[in-house]
Amino acid sequence: MTKTAISPTRLENYPEWYQQIIRAADLAEVSPVRGCMIIKPWGFALWENIQSVIDRQLKALGHKNLYFPLLIPTSFLEKEAEHIEGFAKECAVVTHTRLARNHEGKLVPASPLEDPYIIRPTSETIIGEAYARWVQSYRDLPLLMNQWANVMRWEMRTRMFLRTSEFLWQEGHTAHATSEEAEKETLTILDLYARFAEEYMAMPVVRGEKTASERFPGAVNTYCIEAMMQDRKALQAGTSHYLGQNFSRAFNIKFLNQNGFEEFAYTTSWGVSTRLVGGLIMTHSDDDGLILPPKLAPLHVVILPVIHKPEQRADILAYCEKIAVRLREKNWNDQKIQVEIDQRELTGGEKAWSWVKKGVPVRVEIGGREASADNVTVSRRDRGYRERETISSNQLLDTIGATLDDIQTQLFSRAKQFQQQNTVEIDTEKSFYEFFNDSEGGFAYTHWNGDPAIEEKIKHDLNVTIRCIPLTNISEPGICAFSADQSKQRVIFSKAY
């Protein structure tokens, strides 16, 4: 039996495999605060790279960054009934202004607040209050704002990166003069998220609209991107909400239009979070550790000096430094190639395996033989551990960009093939129940008549939900598999995170 670096394997225990990947790659650890995590440097560097790309793309569309307070008055949430109903059970509440010692000498809350604060679960309400002051005329629109922030939502069952009580994200909030502009903005952002997922994360996604029961509280429409993980469950990887005038009416965001008449603005909100790190882990990693797409990897190349004799040390390290300098001069994907020389006092195997677990795309091993011949031994993380090739240093420098491109392409192709192999069209209720009861599941494209009672029954029976109503193949009428009624198009059913 082949020994793997990660135990258990994906097939043996997928949830535990996921936790072990995070531990082995040193991405994060559980914090003393219930339901929260400490993101360690390698995990945070990955998030910073995600943040950098998305931030640049949002700014290219005209969005500007700002920052709002972490605390939101409870009275703000009460202004939008559906919104508070959707978030009430998840809110963390600040009720006092300070601590004082009681008669036993213990610190206890003192000085209660008249209007308690909510630790930000999302910011539509507090941003809506500001927009009501900032918007007076159609000339003030559109407002295209974004903030990078943390949010807090109490979670019963937590899993690092995928679902934690506190997480990091960006949340965009825009206001527009017309519904057409606002709806276009919502879909523009959805497309940005989808392209980022596929082009940078190498994670194929399906664009779609949520059903009424799955909409963001207070939204008119919620759109999403859904990805398939290696256990065939769906992961909602980003959402974009068209809010219509719901929040504008609640917070009095009015403007004088070009005809001199007062009307309410049309608003949107949208976001992605550190959940993307979890999605990346579960899309690409294997039983030896993390696998990172080069476009997001904190490190592209790690150079591993292999020193068997002390007298070789200086020459080998000098040669490693020479290779590193030349690699760092190379541009790839609009950035300098990131290179590190691992000089830790470890055996060659220990060094190599530590970087395998971290998912670095390319490993370059250099011993006395390579240094004397001006060669390097190269391994790719998307291939088996023992698959390596000895080439000249010039060949490494000439091909490193193409190698990184190929790894990025191969990871996407592999994930896309997996998604396609585990996506089926199902036309009968019997086949549908058999698929989710008797197989490992996947994406089931099935006709549905729009009845929320059917949606709820399937969720109750199988723990399967409608992930989205796809935005492609929308003109495919058929017969609902559960009622024999007419159906406008197929929707995607799946088990999900």
Side-chain angles (χ1 to χ4, degrees), residues 80-87 89-90 122 124 153 163 179 182-183 186-187 189-191 193-194 197 205-229 232-244 246-247 268-272 275 419 423-429 432-433 435-436 441-497:
E80 215 292 324
E82 189 176 347
H83 191 67
I84 191 172
E85 182 66 26
F87 280 104
K89 293 179 181 179
E90 299 179 355
T122 180
E124 281 76 9
R153 300 175 186 175
R163 191 174 293 277
S179 60
E183 290 183 84
T186 310
L187 293 173
I189 296 300
L190 184 76
D191 188 57
Y193 289 160
V205 296
V206 179
R207 299 166 172 85
E209 182 181 352
K210 288 292 189 184
T211 63
S213 66
E214 295 285 334
R215 278 185 202 137
F216 178 76
V220 176
N221 303 102
T222 287
Y223 300 94
C224 62
I225 54 172
E226 297 284 334
M228 183 186 291
M229 304 295 97
R232 298 169 182 79
K233 287 184 180 179
L235 182 78
Q236 180 180 289
T239 51
S240 185
H241 315 291
Y242 170 56
L243 305 176
N246 291 347
F247 284 86
T268 78
S269 67
W270 27 269
V272 294
R275 168 174 270 223
Q419 182 201 67
T423 297
V424 297
E425 291 188 357
I426 298 178
D427 293 317
T428 68
E429 183 175 26
F432 183 91
Y433 272 72
F435 178 72
F436 285 108
F443 284 0
Y445 276 71
T446 304
H447 278 287
W448 169 64
N449 66 354
D451 184 353
I454 291 175
E455 186 181 10
E456 182 59 33
K457 182 178 186 301
I458 292 169
K459 184 177 181 179
H460 176 268
D461 290 350
L462 300 169
N463 197 27
V464 167
T465 54
I466 297 175
R467 301 316 305 155
C468 68
I469 304 166
L471 297 180
T472 54
N473 302 322
I474 58 175
S475 57
E476 190 200 348
I479 304 298
C480 172
F482 313 100
S483 69
D485 294 336
Q486 292 295 315
S487 164
K488 293 180 180 178
Q489 70 173 100
R490 294 179 187 271
V491 300
I492 298 177
F493 287 88
S494 180
K495 293 183 179 180
Y497 284 95

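The chain is numbered in sequence order, starting from 1.
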Could you go through Phe482 and Phe432, starting from their C-alpha distance and side-chain angles, then the distance that decides it, and tell me whether this counts as ring-ring contact (aromatic ring centres under 6.0 Å, His included)? CA-CA 9 Å; Phe482 313 100; Phe432 183 91; 4.9 Å; yes
Apply side chain to side chain donor-acceptor pair (under 3.5 Å) to Trp270 and Thr268, showing your working. CA-CA 7 Å; Trp270 27 269; Thr268 78; 3.1 Å; yes
Derivation and outcome, side chain to side chain donor-acceptor pair (under 3.5 Å), residues Thr465 and Glu214: CA-CA 9 Å; Thr465 54; Glu214 295 285 334; 5.1 Å; no
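The OG1 atom of Thr423 sits 4.0 Å away from the CE atom of Met228 when rounded to the nearest 0.5 Å. Atom CD1 of Ile458 sits about 9.0 Å away from atom CZ of Phe436, to the nearest 0.5 Å. Considering CZ of Arg207 and SG of Cys468, their distance stands at 11.0 Å, rounded to 0.5 Å.
Of all heavy-atom pairs spanning Phe247 and Gly218, the tightest one is CE1-O, 3.8 Å. Scanning both residues, Glu209 and Leu471, for their nearest heavy atoms gives N-CD2, 4.3 Å. Across every non-hydrogen atom of Val220 and Arg215, the tightest pair is O-NE, 3.1 Å. For the pair Gln236 and Arg467, the tightest heavy-atom approach, listed with the atom from each and the gap, is CB-NH2, 3.9 Å.
Between His241 and Phe216, the ring planes lie parallel to each other; the angle is under 30°, not in the 30° to 60° tilted range.
Contact check for Thr186 versus Asn221: no side-chain heavy atoms found under the 4.5 Å cut-off.
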